[in-house]
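Quick one: this structure, given as structure tokens, is what I'll be asking you about.
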Amino acid sequence: MKNAYHALSKIFGYHEFRHHQADIIQDVLNNNDAMVLMPTGGGKSLCYQIPAILRPGVGIVVSPLIALMQDQVDALTQLGVSAGYLNSNQSAEAQNAIEQQLLNNELDLLYITPERLMSNRMLSLIAQSQIALFAIDEAHCVSQWGHDFRKEYQQLNILHQRFPDIPRIALTATADSRTRQEIIEQLDLHNARTYINSFDRPNIHYQISDQSSKTDLLKFIKNSHQNDAGIIYCLSRKKVEETAAWLVEQGFNALPYHAGLTPQLRETNQKRFLREEGLIIVATIAFGMGIDKPDVRFVAHLNLPKSIEAYYQETGRAGRDGLPADAWMAYGLKDMMMLKQMIQESDNEMQQRISHSKLDSLMALCETTSCRRFHLLDYFGEVTDKACGNCDTCLSPPETWDATEAARKALSCVYRSGQRFGIGYLTDILLGKSNDRISQNKHDTLTTYGIGTDISANEWKGIYRQLIAMGYININFEQFGALVLTDKARPLLRGEIELKLRKPTKKSSNKSETKQKSALRDIDQELFEALRACRYSLSQAESVPPYVIFHDKTLIEMTKMRPLMLSELGKIAGVGEKKLDKFGQQFLDIILQHDIHPWFKNDLSETINSTLGLYLKQQNAQSVAETRELSLSTIYTHLSAAIKQQVIALEDINEITASDIKDIENAIELCAEGGQEGTKPIFEFLNGEIEYGIIHCVRSSLETIE
Ligand code: ADP
Ligand code: ZN
């Protein structure tokens with residue numbers, strides 16, 4: 001494991017393993033199989049990359065995601081790791097070159113699609129090579145219950161049969177226990193230890209609104225994500241096109257992505273999303289598999305996804321870097337109807353049942369009045385005991401109302417009109433509207449006719465939506481969307497149970513969003529932008545996405561730490577040896593240019609100079625202490641050392657007033673006369689009213705004068 005820690009810091013520039021990473025790596029290094037469940041952004045890749053680097057031979061990584069392979073290989077190359085990939089998008093030449101490297105044992109990691117791996121040719125190539133491990137990424141693809149089933153994945157158990165001595169590690173971000181069980185069965189991982197991580201993504205703020213309007217989306221982006229990269233999901237190609245065009249009109253850099261575009265255009269748009277900063281992609285769900293851009297700051301859904309798994313996977317693409325990000329969704333009755341219809345049109349009965357139950361769970365999440373995160377994690381079988389404080393229902397709890405009476409009226413209206421009509425018509429009856437259809441059907445004679453005039457048409461629609469979502473009503477699409485009561489409706493109709501519903505979402509209060517925003521913006525913006533520009537031009541030169549050079553998180557850390565020397569820069573998370581070598585000086589120069597000050601021409605130590613740099617900016621010893629995570633007294637020790645060397649003067653220290661100086665000097669003199677040495681007697685002489693650190697500084701200033 002010493003080697004693993006060494007690799008972590010030297011190659012990746014990180015200083016600690018996260019969660020179970022260390023145990024997993026240890027297990028694989030010991031030749032054992034492992035099964036890893038971690039949410040998106042949790043750090044799965046390191047779990048196989050480090051053992052692959054440390055063990056002799058090449059780590060074979062099976063992944064269905066072609067786009068991701070290139071990215072991973074680019075990132076590894078920048079880290080100085082020898083990696084390659086094989087997929088059908090490659091030229092024959094490129095493939096030959098990689099195969100040769102494989103045979104020559106020159107690769108640490110090889111990414112490959114399952115269909116390619118399963119070919120006889122490849123299996124025999126592998127048999128001739130030295131293999132460190134097999135990593136089966138996106139392992140949930142073996143599961144039919146899961147949402148990305150791929151049949152080639154079910155053949156992967158061949159690996160175990162043919163190469164029984166090579167450790168295998170299966171990884172997925174899909175958590176539910178059924179999928180997990182299927183992975184173990186299908187891949188024959190019965191002897192593997194399973195590592196389950198919390199699926200919580202605490203940096204993601206969840207927000208779900210039952211009113212979908214474009215202006216709300218616009219407000220959300222303008223308020224919280226003006227120059228940020230984001231993904232907006234829509235259900236149809238048409239809506240994708242319209243929304244993208246509309247955002248461009250509004251002055252945003254937005255591109256469409258859906259299966260109707262040519263493959264070339266799709267690829268270009270995806271590439272631009274990865275390589276440019278602050279671009280918005282409007283997409284159908286065809287987009288996102290295999291995008292591991294770490295700095296996606298928001299994911300918005302303009303329609304309902306199909307299931308909680310899908311919602312969690314799609315929203316999980318936000319904030320992989322751990323910085324604050326938003327998951328924003330707006331849905332309406334129409335969405336729900338459309339999804340239900342799509343499900344009913346499928347002719348596989350079992351699939352229908354699965355889809356229905358998944359949609360119902362999703363609707364329950366949308367309509368919940370309690371913490372969204374609680375609900376999400378509960379769905380994945382994870383128990384949390386407190387509300388998260390970072391979702392819409394936590395931050396502004398929705399109001400509920402006693403809807404028993406209204407619900408009875410709504411259900412009764414469905415029943416009395418014969419369970420043959422849709423929401424619009426039923427609402428008209430409740431409101432006592434007169435029209436031809438109602439009079440032809442003699443529905444103006446029903447007892448429910450006109451009994452709902454105290455509630456608006458829109459509110460009735462909301463009530464019906466919630467009743468459907470809660471399973472009191474089904475929709476019969478063969479009858480053009482007629483509402484039908486379920487068994488569950490009976491006790492409610494009879495007045496045996498009460499029902500509370502949530503009031504419609506209030507127009508957005510952006511409290512939480514602004515809070516998030518400042519968390520990310522609470523840094524020296526000017527320096528951050530300068531570092532970002534440097535990163536961008538390097539990324540262009542290397543023709544990789546900017547985050548492959550350094551993550552935002554690393555740049556933010558630079559603005560806070562203000563390293564003045566390479567050795568200090570190298571301590572920042574994300575700065576490994578290779579990157580320090582290759583890019584360090586350029587970033588350092590920018591920080592130096594930014595901070596340049598006569599103070600810095602001195603012989604003081606690096607750490608004192610870092611304190612000085614920050615003090616110059618922040619003008620407050622306490623905040624320098626917090627930023628540097630050092631004690632206040634250490635900061636004063638640094639400042640007094642600088643005073644002693646006459647790099648700065650006592651007057652440069654804001655915390656020291658002229659009258660303090662007089663008092664301290666006086667006290668120093670008296671103590672010296674009394675033969676008392678050190679700072680303590682002076683401190684006591686001043687009744688403990690002036691901090692030690694400040695006394696130190698004044699003493700240092702006297703020592704320079706002597
Ligand atoms: P996943 O594949 O689980 O979605 P990744 O492997 O892409 O996640 O890791 C997510 C991010 O976390 C990456 O930017 C990665 O560099 C970073 N990361 C992983 N492990 C660590 C660690 N031990 N310390 C700091 N950052 C880490
Ligand atoms: Zn919450």
Side-chain angles (χ1 to χ4, degrees), residues 4-5 7-9 11-25 36-50 61 63 65 68-69 71-72 74-76 78-79 81 109 111 135 137-140 169 171-175 195 197-208 288-296 312-313 316-323 325 327 365 368-378 384-398 512 545-554 557 572-576 579:
Y5 278 98
L8 179 72
S9 93
I11 299 174
F12 295 90
Y14 298 137
H15 307 297
E16 275 158 273
F17 283 113
R18 282 188 189 158
H19 318 298
H20 299 301
Q21 278 176 337
D23 297 334
I24 297 164
I25 290 170
V36 175
L37 296 108
M38 244 187 229
T40 311
K44 284 186 284 299
S45 333
L46 278 189
C47 298
Y48 59 80
Q49 286 169 347
I50 288 186
V61 187
S63 167
L65 309 171
L68 197 92
M69 292 183 179
D71 248 34
Q72 294 260 14
D74 280 349
L76 286 165
Q78 289 297 335
L79 294 170
V81 177
L109 282 143
Y111 288 78
D137 208 2
E138 313 292 339
H140 60 278
I169 168 171
L171 311 103
T172 177
T174 301
Y195 295 90
N197 223 84
S198 165
F199 270 74
D200 190 13
R201 301 283 312 278
N203 59 316
I204 299 184
H205 169 252
Y206 297 98
Q207 179 176 356
I208 301 177
M289 268 294 256
I291 298 291
D292 73 350
K293 184 174 164 66
D295 52 2
V296 176
Y312 210 59
Q313 191 186 47
R317 292 174 185 141
R320 276 173 181 255
D321 53 11
L323 295 171
L365 168 72
T368 187
T369 51
S370 54
C371 173
R372 307 271 189 207
R373 193 178 314 270
F374 181 90
H375 201 104
L376 280 167
L377 293 176
D378 183 53
T384 47
D385 52 358
K386 54 179 197 300
C388 76
N390 191 23
C391 73
D392 55 349
T393 51
C394 277
L395 291 166
S396 40
S512 54
Y547 55 81
V548 167
I549 308 284
F550 285 127
H551 281 188
D552 281 357
K553 212 171 181 172
T554 304
E557 200 65 3
I572 290 176
V575 188
K579 285 186 180 174

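Here the structure is a predicted model, which means the values were calculated and not measured. These numbers come from the heavy atoms of this one structure, side chains and all, not from hydrogens, waters or symmetry mates. All ligand and atom numbering here is 1-based and tracks the order in the structure.
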Does some non-hydrogen atom of P294 fall short of 4.0 Å from ligand 1?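 No, that is not the case, since the closest heavy atom of the residue is not under 4.0 Å from the ligand.
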Closer than 2.8 Å to the Zn ion (ligand 2) - protein N, O or S atoms, ordered by chain and residue number: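 Less than 2.8 Å away from the Zn ion (ligand 2) sit C371 SG, C388 SG, C391 SG, C394 SG.
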Identify every side-chain donor-acceptor pair in residues 37-49 under 3.5 Å, counting partners at least two apart or on other chains, and give the distances.
residue : atom : partner : partner atom : Å
K44     : NZ   : M38     : O            : 3.1
K44     : NZ   : P39     : O            : 3.3
Q49     : NE2  : Q72     : OE1          : 3.3
Q49     : NE2  : Y111    : OH           : 3.2

Among the heavy atoms of A173, does any lie under 4.0 Å from an atom of ligand 1?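 So A173 does not count as touching ligand 1.
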Identify, by atom number and element, the atoms of ligand 1 in contact range of P39, meaning under 4.0 Å from any of its heavy atoms.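 Listed by number with element: 3 (O).
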Any heavy atom of A573 sitting closer than 4.0 Å to ligand 1?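 For ligand 1, residue contact (heavy atoms, under 4.0 Å) with A573 is absent.
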Would you say N390's side chain and P202's backbone share a donor-acceptor pair under 3.5 angstrom?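 Confirmed, N390 side chain pairs with P202 backbone.
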Please state which protein non-hydrogen atom is closest to atom 6 (O) of ligand 1 and give its distance, to 0.1 Å?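 Checking every protein heavy atom, the shortest distance to atom 6 (O) of ligand 1 gives S45 OG, 2.5 Å.
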Just need the protein heavy atom nearest to atom 20 (N) of ligand 1, so name the residue and atom and give the distance.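 Of the protein heavy atoms, Q21 NE2, 3.0 Å lies nearest.
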For atom 9 (O) of ligand 1, what's the nearest protein heavy-atom neighbour? Residue, atom name and distance, please.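 Residue, atom and distance for the closest contact: G43 CA, 3.4 Å.
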Quick check: closest heavy atoms across C391 and R372, and the distance to 0.1 Å?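 Taking every non-hydrogen atom into account, SG-N, 3.4 Å.
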R18, any N or O under 3.5 Å of ligand 1 N or O: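 Yes, R18 has an N/O under 3.5 Å of an N/O on ligand 1.
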Determine yes or no for a side-chain-to-main-chain donor-acceptor pair under 3.5 angstrom, with N203 supplying the side chain and G319 the backbone.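 Answer holds: yes.
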Tell me: protein heavy atom nearest atom 10 (C) of ligand 1, and distance?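 Of every protein heavy atom, G41 O, 3.5 Å lies nearest to atom 10 (C) of ligand 1.
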Are any side-chain N or O atoms of R201 and backbone N or O atoms of G316, one a donor and one an acceptor, separated by less than 3.5 Å?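 Yes, the answer is positive, given that a donor and an acceptor are paired below the 3.5 Å cut-off.
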Smallest separation among heavy atoms of L79 and I11, with atom names: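 Closest approach of L79 to I11: CD2-O, 3.3 Å.
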Closest protein heavy atom (residue, atom, distance) for atom 14 (O) of ligand 1: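 Going atom by atom, the protein heavy atom closest to atom 14 (O) of ligand 1 ends up being H551 CE1, 2.7 Å.
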So which heavy atom on T393 is nearest to which on T368, and how close?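 Answer, listing the atom of T393 first, then T368: CG2-O, 3.9 Å.
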If you compare all heavy atoms of H140 against all heavy atoms of T172, which two are closest, and at what distance to 0.1 Å?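 Taking every non-hydrogen atom into account, ND1-OG1, 2.9 Å.
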Aromatic rings F17 and Y5: how do their planes relate, parallel, tilted or perpendicular, breaks at 30° and 60°?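 Judged by the thresholds at 30° and 60°, the geometry between F17 and Y5 is perpendicular.
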Which ligand 1 atoms are under 4.0 Å away from a heavy-atom of E16?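 Contacts of ligand 1 toward E16, numbered from 1: 22 (C), 23 (N), 24 (N).
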What closest approach, in Å, do A7 and I50 show between heavy atoms, and which atom pair accounts for it?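 Taking A7 first and I50 second, the nearest heavy atoms are CB-CG2, 4.4 Å.
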Please determine whether any non-hydrogen atom of D321 lies less than 4.0 Å from an atom of ligand 1.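 No, D321 has no heavy atoms under 4.0 Å from ligand 1.
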Are the side chain of K579 and the backbone of I549 linked by a donor-acceptor contact shorter than 3.5 Å?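 At least one qualifying donor-acceptor pair exists.
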Please work out which of the three classes, parallel, tilted or perpendicular, describes the rings of Y547 and H551, given edges at 30° and 60°.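 Ring orientation, 0 to 90° scale: perpendicular.
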For ligand 1, note which part of H15 has a heavy atom under 4.0 Å away: side chain, backbone, both or neither.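 Answer for H15: neither.
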For A573, does its backbone N or O pair with a side-chain atom of T554 as donor and acceptor, under 3.5 Å?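 Answer holds: yes.
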Residue-level breakdown please: for Y14 versus ligand 1, do any non-hydrogen atoms fall below 4.0 Å on the side chain, on the backbone, on both, or on neither?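 Side chain only.
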